[in-house]
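Residue numbers start from 1 in every chain, and the chains themselves are labelled A, B, ... in the order their sequence lines are given, proteins ahead of strands.
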Amino acid sequence: MDVDWGAIESDCRRRWADSGLFEAEPDNGRPKRFITVAYPYPNSPQHIGHGRTYTIADVHARFRRLRGENVLFPMGFHYTGTPILGMAKRVAAGDKELMENLRVLYGVPEDEIAGFTDPINIARYFHQEIKSGMIEMGYSIDWRREFTTIDPAYSKFIEWQINTLREKGLIIRGSHPVGWCPEDQNPVSQHDTLGDVEPEFTEYVMIKFLIDGYIVPAATLRPETLFGVTNLWVDQNLTYVRVLVDGQKWIVSRECARKLEFLERTVSYEGEITGADLVGRAAIMPHTGGEIPILPAEFVQSSTGTGIVMSVPAHAPYDWQALRDLADSIDGRPGSAAASDIHPICIIETNTYGRVPAEDAIVAATAGQAEGEEGEVKGEGGCTGQNDPRLEDATKQLYAKEFYEGVMADDVATGKFAGLAVRQAKEDVRAWLADEGHAETLLEILDGPVRCRCGAECVVKILSDQWFLNYGDSRWKESAHRCLDDMSILPNEIRQEFNHVIDWLHERACARQHGLGTKLPWDQDWIVESLSDSVIYMAYYVIAKFVNDGTIRPEQMTREFFDYVLLGMWDDPDVKKWRETTTDIPQDVLRAVRDEFCYFYPVDYRHSGRDLVPNHLTFFILNHVAMFAERLHWPRGIVVNGSVLMDGSKMSKSMGNIIPLRQAIREYGADTIRLAIITSAELLQDADFNMESVHGMRAKLEALYGECIALRDTYGDGAGGDGTAGGGGEEPAETVLPAEDLWLLSKMRQTTLRVGESMERMRMREALHLILFEFESMIGWYTKRTAAKGSDGEGMRRRVAATRVTMLQPFAPHITESMLAALGCESDSEVGVVVGGGGWPDVADDSIDTSVLQAEDLLRDTMDDIASILKVTGIKPNRIMVYVAGPQKMTVYRGVLNCVLEEKRSMGDVMKGLLADPAMSGAKRMPDFVQKALRDILSYTLDTRNARSRSTKFDEAEFLASELPELASAEFGAAEVAVYTESDPEIYDPKGKARHARPFKPAILIE
RNA sequence: GCGGGAGUCGCCCAGCCUGGUCAACGGCGUAGGGCUUAGGACCCUAUCUUUUAGGAGUUCGUGGGUUCAAAUCCCACCUCCCGCACCA
């Protein structure tokens, strides 16, 4: 079947747009449903991965519309942030890689790229690109409410939001360390660095040793080892600087002095001193006043810490090795004699190491590797000296072991920290040193050197006077928990993650100094940060409609405007005065905006990828509970989906496996892509998108379309047909229908109910599976049945197809319109659904006849049994005899069934129960049968047991006699198929098979 | 470390919430058959072991437990993946 997807889709798009089908207006006669998705950041075209969240949300929206709900599904564009700014800079600088991506990967026309030095042009270009893709995918969006986050009216909204939060005391000031580019004067994150490295930093403790009135600070990550210190290390070839740090005289490396400048310290330079000059001097330990020597070491790096290292040879492999190197130096370097006199002081005990853990660690890390190593092998451990890279491994292993398992030695040296676990001691010592004034902290980039895209090396900077949202506020957290507890979180597995994030969040910077966005109203140097201006904007969709049609202008949107529209403060004195004397917005317009807000709010479901759980989605909850009235306008639900993989691996530019969404639509059609995305995985799983499934889906849709066309061709245009199936009263009386039709109706209704349940639970993959595969096998069986009887069953087929296609509509909205048209179900431009019943098929519970379903199961089981006998024996059947259990067995079987329903499950209990009833006396003579019947019954589900116990009228023999012979002859080619009851006096049973018959398990003989 | 998730029949992936319809959906692969000038596409059948009577046996990371019944519930363990911030 050749399908012109492009034509069908563009035709649908035109009709949808012309009819304003997705433009939602308040309607008090219908339940509303407000569905939102996280709006896109327009810095690149959409790819398949982006499409997943939007497609799921759209299927959801369309399903709800079919259910008769008034769905609002809007979209905006998030211009706020720095990455686009960074792109513009790189374009201006002619960045090769970026230009290549823009041209080749993104296909941006050359004249557009020329304008990309202005970040706004980048955003506008990709905005239109993304929007076109959304329209082509058939997303049912109300575009009248579109906006960008740099629209003047949106800025008014954000100003109001951020002012209100500040008045509530939720915005505070403080300082905070960030990765920083000294060149750009801006914080850096992963996006801003060469090689996309996230700058990480650690906090060193600088312990203030003294010489001659100068502080010689040694930076360490292990302050608890101070008690094992034996000497200090410096680089004797390095020139250190003498500086005044906040008025104190310090000696540090030049790099260290520069770092301190960014850490809120006042640094002035007084002079230099060489490392060689320091060697040999005695440093005073701050906590004891004792003296230790300063010695030279090669491993000391000026850029790490302060350029001065505290030596703890017992617990630091580098120190131990350096000491040894020095003592062993044949040329008798300065300090070599002193080094020989130094003995490691062990102050941490573990089960793993001995008295000199550092030495043990070196031996462990280098043992067995000595052979084949380059360079001269020295010492029994095979370590080649303090520059041996394996010392790094030794250090890591030793540190980890001592940190998690170590205990501070019970020793005079460790004083009041003796006996403490190392992880505890570390914190305690740090606090104690700080309290005593013996130490300060030094923040430093851990994974350095990290370079900004501009090329400059990044540092840690303490940003002072930074604005923070105080997510650490415990009352705020409590409200958020209350909100979350009432919310529907789909899938529910991630609820726990939300709880944890709420607990764990603390102050978060909400303003930055660069980028697109809205200025802080009270401090024009700052711009509201992009994750803070996107937390309650769903409310703005209501207002956007009035802004876009010119009803309200940005300058009219004062604080009072929002206080009324969003918070309902009609009678607030300020608002009253404003609306009576100041504003020129007509009162009825004000009322209309407020009414529309109250109609659509709260957000019923917010869709997003799971990467937004620890940030945006949680902020969304927090800010709603802070801004809006408890419960009334708090969000009701969140739907989270996993990401999309391409042939099993992550999509990335470098792998070249990114499929642009619009290209995929052109090649395969929107409906096919939608189905492929939905079928690939259940919500939270990562979906693997691959070409096989795309082809498979397209074939499926084309086949289904072909079926619909065939039904039209053989059946005319179907006037008078009942388009949507299921439970309508105008069908022919069902009592006159043949068995297979009755079964098909019940089966279809049962499956329809299941699809509805799956959709309600957002198990779209499951729903789609039922629609595609369950229906297919149902129709397959029906076809066998009707073919055996020589009928076509077209009327039923068409009814089933209409139901099936109706339910497929949310998934494949374009092609299903053509399918429904072929089936004679006109498309209704008013609601975008099907005429003739309208919307999602309704199924009344009592319209499903379980005994009909059971009967068909019996038929199918019997057919399966015959087939497996034929397969095992390889017989070509001539006559097939089927023997149904007699009335006496049936009576006993029911007796057993009753026993089981009364919780009697063991053979003994059942026998006792049976014999208590005189009608069951026959049971005594057939214990084998009772045993087998019991086993049969125990293996049924509870539902089946109940159903069997209820359907007392069902006559197996009669049903099989009327339905089996034709079917079995057709299927197996037997000339004769006979059905007997076990007790039938006319029975033909040469092999005595009949006695094996059990209820719902007839005996079979094949000749 | 803190938090979350996952381990299923060659591969991918469902089933677990609500125990029985589960030798376990669907897709890919493989084998046989059909269709076709051929190739592709498509359709049918088979695909844990065993079996010439519809049966039996052994399976769902490992080991225990609960139950008449466990892939599914409980406990312990092993392995893998993801997030941990001022960034969209």
Side-chain angles (χ1 to χ4, degrees), chain A residues 38 40-41 43 78 80-84 176-179 187-192 198 200 400 403-404 423 463 466-469 471 491-501 503-512 515 529-532 534 610-616 642-643 645 647-648 679-682 684-688 690 692-693 695-697 699 703 761 765-766 769-770 772-774 776-777 857 861-862 864-875 900 903-907 909 934-935 937-945 991 993 996 1001-1006:
Chain A
Y41 185 68
N43 68 337
H78 197 195
T80 318
T82 50
I84 290 179
H176 193 73
V178 293
V188 287
S189 68
Q190 197 171 346
H191 307 282
D192 311 311
E198 175 69 36
E200 294 178 55
F403 180 73
Y404 296 121
R423 64 170 90 187
L463 276 185
Q466 167 78 283
W467 297 98
F468 291 92
L469 272 163
Y471 289 135
N492 201 40
E493 288 103 289
I494 39 135
R495 181 183 295 278
Q496 191 48 34
E497 210 166 323
F498 277 106
N499 270 315
H500 179 254
V501 174
D503 289 339
W504 161 88
L505 280 172
H506 52 258
E507 302 77 22
R508 183 186 171 91
C510 61
R512 42 164 47 220
E529 185 270 331
S530 57
L531 283 185
S532 303
S534 59
R610 70 173 309 169
D611 51 331
L612 298 190
V613 172
N615 42 66
H616 167 75
S643 62
L645 304 176
D647 284 325
T679 43
S680 55
E682 219 38 273
L684 207 51
Q685 297 295 324
D686 286 344
D688 187 20
N690 54 62
E692 286 87 48
S693 65
H695 287 123
M697 275 304 143
R761 298 170 64 192
R765 183 197 138 102
E766 185 174 81
H769 242 251
L770 289 169
L772 295 179
F773 299 108
E774 188 83 4
E776 195 164 87
S777 69
D857 283 344
D861 289 346
T862 308
D864 285 349
D865 281 349
I866 295 170
S868 55
I869 293 170
L870 293 176
K871 187 192 157 201
V872 170
T873 60
I875 298 174
V900 170
E903 305 286 307
K904 289 175 201 152
R905 295 202 177 105
S906 72
M907 185 63 190
D909 288 347
L934 177 61
R935 213 173 56 195
I937 290 166
L938 278 177
S939 74
Y940 303 155
T941 63
L942 209 59
D943 282 349
T944 310
R945 287 177 201 168
K991 297 222 169 141
K993 290 275 182 195
H996 296 299
K1001 187 77 184 165
I1004 296 163
L1005 174 66
I1006 300 175

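- Residues A:Leu772 and A:Met697 meet the side-chain proximity criterion, which asks for heavy atoms closer than 4.5 Å.
- Summarising the geometry, the separation between CG on A:Asp503 and P on B:rC84 is reported as 18 Å, rounded to the nearest angstrom.
- Within the nucleic acid shown, A:Leu1005 comes within 4.0 Å of at least one base atom, counting heavy atoms only.
- No contact: A:Glu774 has no heavy atom under 4.0 Å from any strand.
- B:rU66 sits 15 Å from B:rU72 when the P atoms are compared, rounded to a whole Å.
- Pairing partner, B:rA69: none, since no Watson-Crick or wobble contact has both distances short of 3.5 Å.
- With a 4.5 Å cut-off on side-chain heavy atoms, A:Asp611 and A:His616 do not count as touching.
- Closest to the side chain of A:Arg761, out of B:rA53, B:rC17, B:rA88, is B:rC17.
- Annotation: B:rA41 and B:rG34 have their C1' atoms spaced 14 Å apart (nearest Å).
- With both ends at atom C1', the span from B:rC68 to B:rC77 equals 29 Å, rounded to whole Å.
- Under the side chain to side chain donor-acceptor pair (under 3.5 Å) criterion, A:Asn492 pairs with A:Arg495, sequence neighbours left out.
- Note on ring orientation: taking the six-membered ring where Trp is involved, the planes of A:Trp504 and A:His500 are parallel (angle under 30°, cut-offs 30° and 60°).
- For a distance-only test at 3.5 Å, the side chain of A:Asp611 fails to qualify as a donor-acceptor partner of the base of B:rA88.
- Taking the nucleotide of RNA chain B with the nearest heavy atom to each of A:Ser530 and A:Ile494, the more 5' of the two is matched to A:Ile494.
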Anything under 3.5 Å between a protein N or O and an N or O of nucleotides 19-21 of chain B, put it in a table, one pair a line.
from   : atom 1 : to       : atom 2 : distance (Å)
B:rG20 : O2'    : A:Ser939 : O      : 2.3
B:rG20 : O6     : A:Arg945 : NH2    : 3.0
B:rG20 : N1     : A:Leu938 : O      : 3.3
B:rG20 : N1     : A:Arg945 : NH2    : 3.2
B:rG20 : N2     : A:Leu938 : O      : 3.0
B:rG20 : N3     : A:Leu938 : O      : 3.0

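- In this structure, the CD1 atom of A:Ile1006 is 11 Å from the P atom of B:rA53, given to the nearest Å.
- In a base pair of the Watson-Crick type (N1 to N3 plus N6-O4 or O6-N4) or a G-U wobble (N1-O2 and O6-N3), with each distance short of 3.5 Å, B:rU47 is matched with B:rG29.
- When the P atom is compared between B:rG26 and B:rU59, the two are found 24 Å apart, to the nearest whole Å.
- Rounded to whole Å, atom P of B:rG3 lies 10 Å from atom CD of A:Gln496.
- Annotation: B:rC48 and B:rC60 have their P atoms spaced 16 Å apart (nearest Å).
- In this structure, B:rG40 makes no Watson-Crick or G-U wobble pair, since no nucleotide meets both defining distances under 3.5 angstrom.
- When both distances must be under 3.5 Å, the Watson-Crick or G-U wobble mate of B:rC84 is B:rG1.
- By the 4.5 Å heavy-atom criterion applied to side chains, A:Tyr41 and A:Pro83 are counted as neighbours.
- Each of A:Pro1002 and A:Asn615 lies near RNA chain B, and the nucleotide nearest A:Pro1002 is the one positioned closer to the 5' end.
- At a threshold of 4.5 Å between non-hydrogen side-chain atoms, the residues A:Thr80 and A:Ser534 do not count as touching.
- The closest donor-acceptor contact from the side chain of A:Arg765 to the backbone of A:Thr679 lies under 3.5 Å.
- With P as the reference atom, B:rU67 and B:rC74 are 16 Å apart, rounded to whole Å.
- Atom-to-atom, CD1 of A:Ile937 to C1' of B:rA69 comes out at 15 Å; the value is rounded to the nearest Å.
- No side-chain heavy atom of A:Val900 sits under 4.5 Å from any side-chain heavy atom of A:Tyr940.
- As judged by a 4.0 angstrom heavy-atom cut-off over every strand, A:Arg495 is placed among residues making no nucleic acid contact.
- Judged by distance alone with a 3.5 Å cut-off, no donor-acceptor contact links the side chain of A:Arg765 to the base of B:rC13.
- Residue contacts shown for A:Pro491 are absent, as no nucleic acid heavy atom lies under 4.0 Å away.
- Contacts of A:Ala699 with the nucleic acid, taken as non-hydrogen atoms under 4.0 Å apart, are absent.
- Rounded to an integer number of Å, the gap from A:Arg508 CZ to B:rC84 C1' is 12 Å.
- In this structure, CG of A:Asp865 is placed 5 Å from C1' of B:rG54, rounded to the nearest angstrom.
- A:Leu505 comes within contact range of at least one nucleobase, with a heavy-atom separation under 4.0 Å.
- B:rG83 and B:rG29: their P atoms are spaced 33 Å apart (whole Å).
- Side-chain N/O atoms of A:Thr82 include one lying less than 4.0 angstrom from OP1 or OP2 on B:rA88.
- The base-pairing partner of B:rA6, taking Watson-Crick or G-U wobble contacts with both distances under 3.5 Å, is B:rU79.
- A:Lys1001 NZ to A:Asp861 CG: the interatomic distance, rounded to the nearest 0.5 Å, is 7.0 Å.
- The gap from the C1' atom of B:rU21 to that of B:rA71 amounts to 16 Å, rounded to the nearest Å.
- Using a 4.0 Å heavy-atom distance criterion, A:His500 is classed as a sugar-phosphate-only contact.
- Between B:rA88, B:rG54, B:rU18, one nucleotide has an atom nearer to the side chain of A:Ser868 than all others, and that is B:rG54.
- In this entry B:rG19 has no Watson-Crick or G-U wobble partner, no candidate having both defining distances under 3.5 Å.
- Counting non-hydrogen atoms under 4.0 angstrom, A:Leu934 reaches nothing in the nucleic acid.
- Distance, A:Lys1001 NZ to B:rA53 C1': 11 Å, rounded to whole Å.
- Judged by Watson-Crick or G-U wobble contacts below 3.5 Å, the nucleotide B:rC35 has no partner.
- Here the side chain of A:His78 is nearest to one of B:rG26, B:rC84, B:rA88, namely B:rA88.
- Among the nucleotides B:rA53, B:rG83, B:rA88, the one closest to the side chain of A:Ile869 is B:rA53.
- Two residues are said to be in side-chain contact when any heavy atoms from C-beta on lie closer than 4.5 Å; A:Ile494 and A:Arg610 meet this criterion.
- Spacing between atom CG of A:Asn492 and atom C1' of B:rC17 amounts to 9 Å, rounded to whole angstrom units.
- Counting heavy atoms from C-beta on, the side chains of A:His78 and A:Pro40 never come closer than 4.5 Å.
- Nucleic acid contact class of A:Leu531 (heavy atoms, under 4.0 Å, all strands): base.
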